[in-house]
Every structure is written in structure tokens, then in C-alpha cells.
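Okay, so here's the structure we're looking at.
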Amino acid sequence: MKIVLLCLMASVLMGVFAEPEALPEAEAAFDPTNYPKPSSKASYGQKYKGGNDYCHPRKAPTCSKNGTLTMCLKDPEYPEKEVKYAIDYDLLVLKKYADIADQSADNLVDGLTSLSEKHFDYSEYHGKTFEKGNWVGGEGYICPSDVSYARPLRAMNADGEWRVIVQEIAWPGYTQTQRIESCLFPSSACRTLAPCYHSKCLQKYVYQRMLSFDPCDPQKGIFIDIYKLPSACSCNIPQQI
């Protein structure tokens, strides 16, 4: 009887102190805290770098010609894929969108046709009060200006930060058109007015809303931003003192 009890006790002790069985090789190699890294990152969510590793919304893009422009009609760095993705991801984008693509003097300037506006000739005017070009010339505005119906690809918003503008290049069939009118000679004398008036051509602006994309923060998606755009060149006659 004693021998039987001793054998049982020995078996129990051997089970307690026995080395654990080796795990299969695959299980032994598994470490739940060490997952394999993806071979490549998703393009959306990364900051658009535009040719360098630094992205700041106030940094002038290449298309702005070293910051001398506040709007780009051509942009070789336009992030087409990122904008496309953001549009596809936004279920409400059509509710935010509005545009009149066909704009001209015919529907935006009273008493003037688009054909007439296209043929305004200011070649002899140079903004000099006493030059002959200030007194001669055909039909046109008293303050000569350059008029265009533009679809900007990138622009500086009202807060001084650069945004990408949603256009047809990334969203086929959809545009955002703006009438841009810039003084040819800001602060120069108004055409055909006598020097005694001390007149000046002043640039006017208007705030416009456009669907936008922030290349420095793609997670914002598509949103409406506000831009200050040149809208008219007006003649001002100051108060005589």
C-alpha cells in the first residue's frame, strides 16, 4: 500500500515540475505587439508636398511666381488625385456646388455686349495724364482694365492662406467661373479727364465663395472658402480742399 502511495506522489511531483511542451514554430514566432508594417501608405491622408517636404498654408506655391500672384490659372502641381478622392468621399458635395459657366458682358454688364468688350483697345494709354494716349482712343472704360472670365486652380483665401480650387481637371463637367477685372494702371489718372480733377483709377474687389481643398490638411475634405478677387476698376475724383 505504501509503495502505491509513493508512486502516486512521485507522478504528481513530476507533472508539476516538468518542462512545458514546446509550442509549434508558427505560434512561438507570433507576437501580438509586433504586426508587420504595410508596404506602402495610402495616398489620402498624407500631406501634399508639392515638390518639397514642407507644407504650410501661407507658403506661396510655385504657380504664384514667388508670391507675386494671389491666384493661379495654371498649376503644374495641382493635386488632381487627392481632390478627386475628396470629392468621391463627400456625399454632400453637389449640395455645396453652384456655378454659371457661361459668363460674359452680355449678362453681366448693362448696355454692353461681349463683342464690344473684347475689342476695347487701350494700346495708346499708359496711365500718364499729359500723354496723348490719355486723350485719344476709341470705345472703352474710363479706367482701362483687363477683363477675364477665369477658372482659378489655386488662390489665396481671405485669411492669406493658399487653397486648391475644385475645377474640371479633377471633377469632369464641373467648373467654378469668376469674372476678374484688374486695373491696367492702378492709381493712374482716369482716361480723358482733365488734370485739374486729380482723378485716380482704383481697384475694387469682391468676396467670392468657392469649393476648395487644403493640400496641407487633406482630411478636411471639400469645403467652401472665401476669396478676395478683383472685380472692377473705378475712377475716383477726390474732394477738393
Side-chain angles (χ1 to χ4, degrees), residues 41 43-87 99 101 103 118 120 122-123 125-128 133 141 143-171 174-189 200-234 236:
K41 294 181 180 179
S43 60
Y44 186 69
Q46 294 189 84
K47 294 188 181 302
Y48 175 64
K49 298 178 180 179
N52 58 55
D53 294 332
Y54 179 67
C55 189
H56 192 283
R58 292 186 183 276
K59 183 181 180 184
T62 304
C63 65
S64 71
K65 297 182 180 179
N66 296 321
T68 58
L69 302 176
T70 58
M71 177 178 62
C72 298
L73 300 182
K74 294 182 180 180
D75 184 6
E77 296 177 343
Y78 191 90
E80 182 180 344
K81 291 182 180 178
E82 287 86 346
V83 175
K84 266 183 184 175
Y85 187 97
I87 291 170
D99 185 43
Q103 298 184 29
K118 286 179 182 178
F120 286 171
Y122 304 116
S123 58
Y125 175 78
H126 303 98
K128 304 292 177 75
Y141 296 119
C143 279
S145 58
D146 178 44
V147 178
S148 64
Y149 297 87
R151 292 169 181 170
L153 295 176
R154 201 181 293 246
M156 182 189 292
N157 70 7
D159 293 324
E161 297 184 345
W162 282 89
R163 301 284 189 252
V164 170
I165 310 301
V166 175
Q167 291 290 4
E168 194 171 23
I169 185 174
W171 198 14
Y174 295 88
T175 57
Q176 296 190 91
T177 311
Q178 302 293 345
R179 185 181 193 274
I180 306 295
E181 184 173 345
S182 304
C183 290
L184 288 179
F185 301 95
S187 299
S188 294
K200 280 187 178 181
C201 290
L202 301 182
Q203 179 67 61
K204 286 187 175 181
Y205 297 86
V206 66
Y207 288 112
Q208 297 282 15
R209 292 176 172 84
M210 289 188 283
L211 281 184
S212 309
F213 176 81
D214 185 354
C216 291
D217 190 1
Q219 297 296 342
K220 285 183 181 178
I222 302 299
F223 55 92
I224 297 173
D225 213 338
I226 300 175
Y227 302 86
K228 181 181 175 182
L229 303 178
S231 62
C233 189
S234 296
N236 174 257

Look up atom [atom1] in [X] and atom [atom2] in [Y], then write down how far apart they are to the nearest 0.5 Å.
X: Arg163; Y: Phe223; atom1: CZ; atom2: CZ; result: 4.5 Å
X: Met156; Y: Glu161; atom1: CE; atom2: CD; result: 10.0 Å
X: Tyr205; Y: Thr70; atom1: OH; atom2: OG1; result: 7.5 Å
X: Asp225; Y: Ile165; atom1: CG; atom2: CD1; result: 7.5 Å
X: Phe185; Y: Cys233; atom1: CZ; atom2: SG; result: 10.5 Å
X: Tyr149; Y: Glu181; atom1: OH; atom2: CD; result: 8.0 Å

Cys pair [X], [Y]: SG separation below 2.5 Å:
X: Cys72; Y: Cys63; answer: yes
X: Cys55; Y: Cys216; answer: yes
X: Cys183; Y: Cys201; answer: no

Report yes if the side chains of [X] and [Y] come closer than 4.5 Å at any heavy-atom pair, otherwise no.
X: Val164; Y: Asp214; result: no
X: Phe213; Y: Ile87; result: no
X: Leu211; Y: Trp171; result: yes
X: Leu202; Y: Pro186; result: no
X: Met71; Y: Pro152; result: yes

Side chain to side chain contact (heavy atoms under 4.5 Å, CB included) between Val147 and Phe120, worked out: CA-CA 10 Å; Val147 178; Phe120 286 171; over 6 Å; no

Test item: Gln103 side-chain N/O and Gln178 main-chain N/O as donor-acceptor pair under 3.5 Å: no

Side chain Ser212, main chain Met210, donor-acceptor under 3.5 Å: yes

Audit row: Gln208, Ile226, side chain to side chain contact (heavy atoms under 4.5 Å, CB included) steps and yes/no: CA-CA 6 Å; Gln208 297 282 15; Ile226 300 175; over 6 Å; no

Which atom of [X] lies closest to which atom of [Y], heavy atoms considered:
X: Lys200; Y: Ser187; answer: CG-O, 3.7 Å
X: Ala101; Y: Arg151; answer: O-NH2, 3.4 Å
X: Arg154; Y: Trp162; answer: CG-CE3, 3.9 Å
X: Tyr122; Y: Leu184; answer: CD1-CD1, 3.8 Å
X: Asp99; Y: Thr177; answer: OD1-N, 2.9 Å
X: Thr175; Y: Glu168; answer: CG2-OE1, 3.8 Å

Ignoring hydrogens and geometry beyond distance, is a side-chain donor-acceptor pair present between [X] and [Y] at under 3.5 Å?
X: Ser188; Y: Tyr125; answer: no
X: Asp146; Y: Ser182; answer: no
X: Glu77; Y: Thr62; answer: yes

